[in-house]
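To keep things clear, I will list the structure first and then write my remarks on it.
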Protein chains: 2
Amino acid sequence: MKNCLKVLRAENDWSQQDLANRLGVSRQSVNAIETGKYDPSLPLAFKIADIFAMTIEDIFERGQEEGE
Amino acid sequence: MKNCLKVLRAENDWSQQDLANRLGVSRQSVNAIETGKYDPSLPLAFKIADIFAMTIEDIFERGQEEGE
DNA sequence: TTACAATGTAAATGACGCTTTACATAGTGA
DNA sequence: TCACTATGTAAAGCGTCATTTACATTGTAA
């Protein structure tokens, strides 16, 4: 599941730590999601969408799972 | 995180087993999500939205977490 | 009554999300 | 050079997601 978190962070000039603080998660979690190590939980995906004032569908791209 | 899966299932006249088959998960997983025992993963949430041709935001309601 | 479908629930197990601490690299500025 | 920020990665641990098998209840139909 791809996402454009890195670009959104850049547009806001936020470090991974900045975003992690706003989300209430660790910097490593943000990094892992950005680098595709795993997908966020649904509640965290909602928080991310809220912070950037976008929908989950706008930030996370479907059709990128390997189990399909 | 509340959802309207039960209503959507009823509108399509699907049993929990029917939906589980379409999602590729167990019937117990569908039941657990409906009864609020846990939230689906983000990929599963996307599959659910796809099957009902809706957005994740339409099916799952934010503002229902207890950790807020 | 007997059989079956649909739903709710429970326990044990494995995989994943997220944590913490820690180390490494690259870039920037004093 | 030295210090600092930003990023990537690793390992160990905990809680949640999702599985399987299994049992119970309710309703319906033969």
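To find a chain, count down the sequence lines: A is the first, B the second, and so on, and within it residues start at 1. FYI, side chains are in, hydrogens and waters are out, and symmetry mates aren't considered; it's all heavy atoms of this structure.
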Over all heavy atoms of both residues, which pair between [X] and [Y] is shortest? Give the atoms and the distance, please.
{"X": "I56(A)", "Y": "E57(B)", "answer": "N-OE2, 2.7 Å"}
{"X": "D13(A)", "Y": "D18(A)", "answer": "O-OD2, 4.3 Å"}
{"X": "A49(B)", "Y": "T55(B)", "answer": "CB-C, 4.0 Å"}

Inset, instruction - Say whether, by atom type as modelled, one donor and one acceptor occur between the side chain of D50(B) and the main chain of K47(B) under 3.5 angstrom. - result: no
Inset, instruction - Mark yes or no for whether N3(A), through its side chain, and I33(A), through its backbone, hold a donor-acceptor pair below 3.5 Å. - result: yes
Find the distance [X]:[atom1] to [N]:[atom2] and express it as a whole number of Å.
{"X": "K47(B)", "N": "dA18(D)", "atom1": "NZ", "atom2": "P", "result": "10 Å"}
{"X": "I33(B)", "N": "dT16(D)", "atom1": "CD1", "atom2": "P", "result": "16 Å"}
{"X": "L42(B)", "N": "dC18(C)", "atom1": "CG", "atom2": "C1'", "result": "15 Å"}
{"X": "I48(A)", "N": "dC18(C)", "atom1": "CD1", "atom2": "C1'", "result": "12 Å"}
{"X": "D39(B)", "N": "dT16(D)", "atom1": "CG", "atom2": "P", "result": "11 Å"}
{"X": "M1(B)", "N": "dG17(C)", "atom1": "CE", "atom2": "C1'", "result": "15 Å"}
{"X": "N21(A)", "N": "dC18(C)", "atom1": "CG", "atom2": "C1'", "result": "15 Å"}
{"X": "L5(B)", "N": "dG8(C)", "atom1": "CG", "atom2": "P", "result": "12 Å"}

Legend entry - Residue-phosphate contact under 4.0 Å: N31(A) side-chain N/O, dG8(D) OP1/OP2: yes
Inset, instruction - Report yes if a side-chain nitrogen or oxygen of S41(B) is closer than 4.0 Å to either non-bridging phosphate oxygen (OP1 or OP2) of dC16(C); otherwise report no. - result: no
Legend entry - Those residues of residues 8-17 of chain B lying under 4.0 Å from DNA chain C by at least one heavy atom: R9(B), S15(B), Q16(B)
Inset, instruction - Begin with the C-alpha distance, continue with both residues' side-chain angles, and end with the deciding distance and a verdict on side-chain contact (heavy atoms from CB on, under 4.5 Å) for R9(B) and L5(B). - result: CA-CA 6 Å; R9(B) 255 195 325 108; L5(B) 269 191; 5.8 Å; no
Legend entry - Pairwise side-chain contact, W14(A) with I51(A), heavy-atom cut-off 4.5 Å (strictly under): yes
Legend entry - 4.5 Å side-chain heavy-atom contact, D39(A) and F60(A): no
Legend entry - CG on L19(A) to CG on L8(A), rounded to 0.5 Å: 9.0 Å
Legend entry - Sugar-phosphate or base contact per nucleotide [nucleotides 19-30 of chain C; S, B, -; heavy atom under 4.0 Å]: BBBB--------
Legend entry - Nearest-nucleotide comparison on DNA chain D, the residue closer to the 5′ end among L44(B) and K6(A): K6(A)
